[in-house]
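For the numbers below, each heavy atom of this structure counts, side chains included, while hydrogens, waters and symmetry mates do not. Letters A, B, ... are given to chains in the order of the sequence lines, protein chains preceding strands, and every chain is numbered from 1.
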Protein chains: 2
Amino acid sequence: MHEIKQNTLYLGTLAKGLQVLRAFDETHTELSLSGLAEITGLDKSAVQRLANTLHVEGMLDKDPVTRRYRPSHAWLQLAYAYYWSDPLVARAIPKLIDLSRRLGETVNLAELSGERIIYAARLPCTRTIFAASVPGRTVPALSTSGGQAILATFPAAEREVAIRDWHLHAHTSSTTVDRAEISRQIDDVMRLGYAITYHQMIQSEVGIACAIRGPDGRSRAAVHCSVSSHHWDDARIRAEILPWLMDAANTI
Amino acid sequence: MHEIKQNTLYLGTLAKGLQVLRAFDETHTELSLSGLAEITGLDKSAVQRLANTLHVEGMLDKDPVTRRYRPSHAWLQLAYAYYWSDPLVARAIPKLIDLSRRLGETVNLAELSGERIIYAARLPCTRTIFAASVPGRTVPALSTSGGQAILATFPAAEREVAIRDWHLHAHTSSTTVDRAEISRQIDDVMRLGYAITYHQMIQSEVGIACAIRGPDGRSRAAVHCSVSSHHWDDARIRAEILPWLMDAANTI
DNA sequence: TCTAAGATATCATTATATGACACTTGTGAT
DNA sequence: ATCACAAGTGTCATATAATGATATCTTAGA
């Protein structure tokens with residue numbers, strides 16, 4: 001029955017424990033034993049043992065009355081450890097703080113994580129939806145200015161593979177799902193040195209991003225700014241946001 | 001030999017896997033197998049299996065050349081799931097954004113986690129040390145204005161136990177380690193409705209906090225603001241920061 | 001080039017996780 | 001208030017899956 005990972009270096013119990021942790025997301029903020037069993041597809045008894053162990057070890061809080069499990073503060077402590085381990089975050093944060101004060105708009109550090117962009121650091125400056133104010137959110141790289149800015153620094157072959165194969169999802173009615181169109185957009189990014197996208201993840205949201213280049217010229221992260229199209233027209237974005245954004249990206 | 005937790009509901013393998021995750025912190029940002037074995041106190045072979053499993057499951061990145069492990073982006077995604085699960089964060093963030101714009105200073109959501117305060121949400125507004133700009137950091141509750149503000153809402157008996165027993169650590173030369181003095185400070189907090197501490201975690205840092213009260217009057221979190229004593233004297237703090245801070249805490 | 005320290009691989013042994021089942025507790029409907 | 005069903009908790013024989021000692025391979029430093 002068991003996985004092809006039937007290697008002696010692979011501990012199934014630990015992997016299942018991680019499955020339980022990852023069962024929690026935007027829509028599943030607290031889960032009962034049976035809920036966990038359903039989502040993970042694991043045996044009822046197994047989930048009981050896994051959840052209990054995670055609880056005893058302080059990784060899950062348990063509501064004594066509803067008996068439902070919730071992520072514990074330990075999850076934030078893991079994030080704290082992550083932040084120290086990511087050298088880019090430490091270098092970017094001071095610049096992002098300056099940038100956000102200067103622009104008065106939300107700025108992010110967007111990192112490439114597989115086929116997706118993860119917002120590693122966020123400085124929300126204006127009331128916005130919750131998902132846009134907390135770090136750790138991931139979105140398809142092809143659909144964001146951050147992802148396009150990063151992809152534009154890739155060698156042609158890799159870029160084409162990415163544009164052809166990477167996952168896309170129509171988050172809004174205006175999300176670009178035509179890969180040829182995305183390819184053209186990325187050509188523009190290469191020419192201009194920055195990326196702008198409209199209404200990709202949220203309606204009336206404009207994303208502007210500049211890649212942070214490594215010593216090899218290749219980028220794995222971008223400085224990203226998100227503004228409302230109601231408050232900012234194209235000309236003002238290019239005049240008042242872009243210069244500072246590019247400066248920040250280049251000095252990180 | 002094994003733990004007193006020799007319960008059939010306790011999965012040792014999973015617990016050891018978590019130990020490996022928690023081996024990473026401020027000072028250990030990337031670890032080799034032998035490093036992990038040393039920190040966790042686990043068998044070399046066990047660590048090999050645990051780390052390999054965590055790597056395969058995407059919880060640890062592995063540098064192909066140094067063979068050292070680092071926290072992966074998955075750690076941030078866990079934090080993202082945490083944020084959705086914590087009802088206080090969602091309610092606090094819009095208020096914190098307003099507050100930080102108004103004050104132009106760093107504001108935090110401080111939650112009580114055992115004997116410590118954890119900064120669940122942070123909006124850094126001014127360049128500061130790295131540890132103060134990323135969420136997930138924990139500090140002893142007794143040594144922070146946030147912790148004192150929360151403790152001041154506790155019934156007398158619990159408060160006294162906390163002041164007597166909770167852990168203290170002299171982070172700076174000015175950290176208050178005299179528990180009688182802390183008790184007096186908390187009495188002041190109860191009278192005034194807010195807490196101010198000086199030089200507790202960092203030199204020349206002033207912390208100001210107001211408790212966020214639940215329907216039962218008891219508090220589990222506080223709105224916290226951190227400023228430099230070079231730029232703010234006591235009078236200005238009380239006149240220009242406190243009113244807004246208390247307003248924010250009361251409306252969350 | 002040599003030498004250790006560290007990483008990877010192997011394997012017999014048995015401890016440890018498994019999952020079916022029974023039991024208990026809570027919840028919502030009648 | 002009672003009942004019935006769903007959900008949570010506990011037990012146990014079984015064999016899978018974790019163990020840790022050892023051996024081999026790799027890397028970095030002398």
By nearest atom, which of the nucleotides [options] is closest to the [X] side chain?
{"X": "A:Gln48", "options": "D:dA21, C:dT18, D:dT9", "answer": "D:dT9"}
{"X": "B:Leu11", "options": "C:dT18, D:dA18, D:dG10", "answer": "C:dT18"}
{"X": "A:Lys44", "options": "D:dG20, D:dG8, C:dT8", "answer": "D:dG8"}
{"X": "B:Thr8", "options": "D:dG10, D:dG20, D:dC12", "answer": "D:dC12"}
{"X": "A:Arg67", "options": "D:dT19, C:dG26, C:dA9", "answer": "C:dG26"}

No-hydrogen, no-angle side-chain donor-acceptor test under 3.5 Å, A:Tyr80 and B:Arg137: yes

Rounded off to whole Å, could you give me the [atom1]-to-[atom2] distance for the [X] and [N] pair?
{"X": "A:Asp63", "N": "C:dT25", "atom1": "CG", "atom2": "P", "result": "19 Å"}
{"X": "A:His55", "N": "D:dG8", "atom1": "NE2", "atom2": "C1'", "result": "14 Å"}
{"X": "B:Asn52", "N": "C:dT10", "atom1": "CG", "atom2": "P", "result": "13 Å"}
{"X": "A:Arg68", "N": "C:dT25", "atom1": "CZ", "atom2": "P", "result": "21 Å"}
{"X": "B:Asp43", "N": "C:dT10", "atom1": "CG", "atom2": "P", "result": "18 Å"}
{"X": "B:Arg49", "N": "C:dA15", "atom1": "CZ", "atom2": "C1'", "result": "12 Å"}
{"X": "A:Glu38", "N": "D:dA6", "atom1": "CD", "atom2": "P", "result": "14 Å"}
{"X": "B:Leu50", "N": "C:dT16", "atom1": "CG", "atom2": "P", "result": "14 Å"}

Between C:dT8 and B:Lys62, is there an OP1 or OP2 to side-chain N/O distance shorter than 4.0 Å? yes

Given DNA chain D, 5'-ward residue of the pair A:Thr66 and B:Ala46, judged by closest heavy atom: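 This one resolves to A:Thr66.
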
Quick one: on DNA chain D, does A:Thr13 or A:Ser32 contact a more 5' nucleotide (nearest heavy atom)? A:Ser32

Evaluate the ring planes of [X] and [Y], with Trp represented by its six-membered ring, and classify them as parallel (under 30°), tilted (30 to 60°) or perpendicular (over 60°).
{"X": "A:His169", "Y": "A:His171", "answer": "perpendicular"}
{"X": "A:Tyr82", "Y": "B:His73", "answer": "tilted"}
{"X": "A:His55", "Y": "A:Tyr69", "answer": "perpendicular"}

Contact class for B:Ser34 vs. all strands (heavy atom < 4.0 Å): base, sugar-phosphate, or nothing? sugar-phosphate

So, is the end of the B:Arg218 side chain (NZ or CZ) under 6.0 Å from the ring centre of B:Phe154 and within 45° of the ring's axis? yes

Whichever of A:Val65 and A:Gly12 has its nearest DNA chain C nucleotide further upstream toward 5':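 Mapping each residue to its closest nucleotide by heavy atoms, the 5'-most match is A:Gly12.
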
